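For clarity, every value in this text was computed on a predicted model and none was experimentally measured. Here, residue 1 is the first one in the sequence, and each next residue gets the next number.
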Amino acid sequence: PDSKGVVLIMRITCPAHTRLQDYLLSQGIHILTACGGRGNCGKCVIKVIRGNAAINTMDRMWFSTEQLEQGYRLGCQVYAKDEALEVEIG
């Protein structure tokens, strides 16, 4: 949230063959990863808008089946494999 408590949402396209967190850092964008990117804290929630991000064990721990189907993932765990991913970060 900004100083007025408003959550700003950004749409980002992460190139194929790239770890999302690494790409965001290269663009000067920091997502909250209190656990150091291990997926333990659940603070780095993103939503995949376009593309396919695999669901891993940590995602299953933090999100319901419905949320996973809607594209929610832990940003620190996302890797864009063979295609670019469009994600919302907020």
Query raised in the report: Is it the case that more than 12 heavy atoms not belonging to Tyr72 sit under 6.0 Å from its OH atom?
Result: no
Requested in this report: Evaluate the side-chain proximity of Arg50 to Thr13: yes if any heavy-atom separation is below 4.5 Å, no if none is.
Outcome: yes
Report summary line: Tightest non-hydrogen contact, residues Gln21 and Cys76, listed as OE1-CB, 3.4 Å
Report summary line: d(Leu85 CG, Asn52 CG) to nearest 0.5 Å is 8.0 Å
Query raised in the report: Do Tyr23 and Ile46 sit in the same hydrophobic cluster, where Ile, Leu, Val, Met, Phe, Trp and Tyr count as joined when their side-chain heavy atoms come under 4.5 Å apart?
Result: yes
Query raised in the report: Is there a chain of hydrophobic side chains (I, L, V, M, F, W, Y, each step under 4.5 Å between heavy atoms) that links Ile12 to Ile31?
Result: yes
**Report entry** Interatomic spacing from NZ in Lys47 to CD in Gln67 - rounded to 0.5 Å
**Finding:** 10.0 Å
Query raised in the report: For Glu69, what residues pass the side-chain hydrogen bond (donor to acceptor under 3.5 Å, both in side chains) criterion, not counting sequence neighbours?
Result: none
Report task. Answer yes or no: are there more than 12 heavy-atom neighbours, outside Glu66 itself, under 6.0 Å from its atom CD? Result -> no
Report summary line: Sorted by chain and number, sequence neighbours left out, side-chain hydrogen bond (donor to acceptor under 3.5 Å, both in side chains) with Asn56 holds for Gln77
**Report entry** Inter-residue atom distance Cys44.SG - Met58.CE, 0.5 Å rounding
**Finding:** 9.5 Å
Query raised in the report: Are the side chain of Trp62 and the backbone of Gly39 linked by a donor-acceptor contact shorter than 3.5 Å?
Result: yes
Requested in this report: May I ask whether Ile29 and Leu25 are part of the same hydrophobic cluster, defined by side-chain heavy atoms of I, L, V, M, F, W, Y residues being less than 4.5 angstrom apart, directly or through others?
Outcome: no
Report task. State, with a plain yes or no, whether a side-chain heavy atom of Phe63 is found less than 4.5 Å away from one of Leu74. Result -> yes
Report task. Measure the shortest side-chain to side-chain distance between His30 and Leu24 over non-hydrogen atoms and say whether it is less than 4.5 angstrom. Result -> no
Report summary line: Separation between CD1 (Ile9) and CD (Glu88), nearest 0.5 Å, reads 5.5 Å
**Report entry** Under 3.5 Å donor-acceptor, Arg73 side chain and Leu68 backbone
**Finding:** yes
**Report entry** Pair Met10-Val87, side chain to side chain contact (heavy atoms under 4.5 Å, CB included): steps then yes or no
**Finding:** CA-CA 8 Å; Met10 299 171 45; Val87 300; over 6 Å; no
Query raised in the report: Does the pair Val48 and Gln70 meet the rule for a side chain to side chain contact (heavy atoms under 4.5 Å, CB included), with working shown?
Result: CA-CA 8 Å; Val48 177; Gln70 292 171 354; over 6 Å; no
Query raised in the report: Asp82 versus His17: any side-chain heavy-atom pair under 4.5 Å?
Result: yes
Requested in this report: Would you give the length of the straight line joining atom CZ of Arg38 to atom OG1 of Thr33, rounded to the nearest 0.5 angstrom?
Outcome: 9.0 Å
Query raised in the report: Does some side-chain heavy atom of Arg11 sit less than 4.5 Å from a side-chain heavy atom of Ile89?
Result: no
Query raised in the report: Which pair of heavy atoms, one from Cys41 and one from Ala34, lies closest together, and at what distance?
Result: SG-N, 3.7 Å
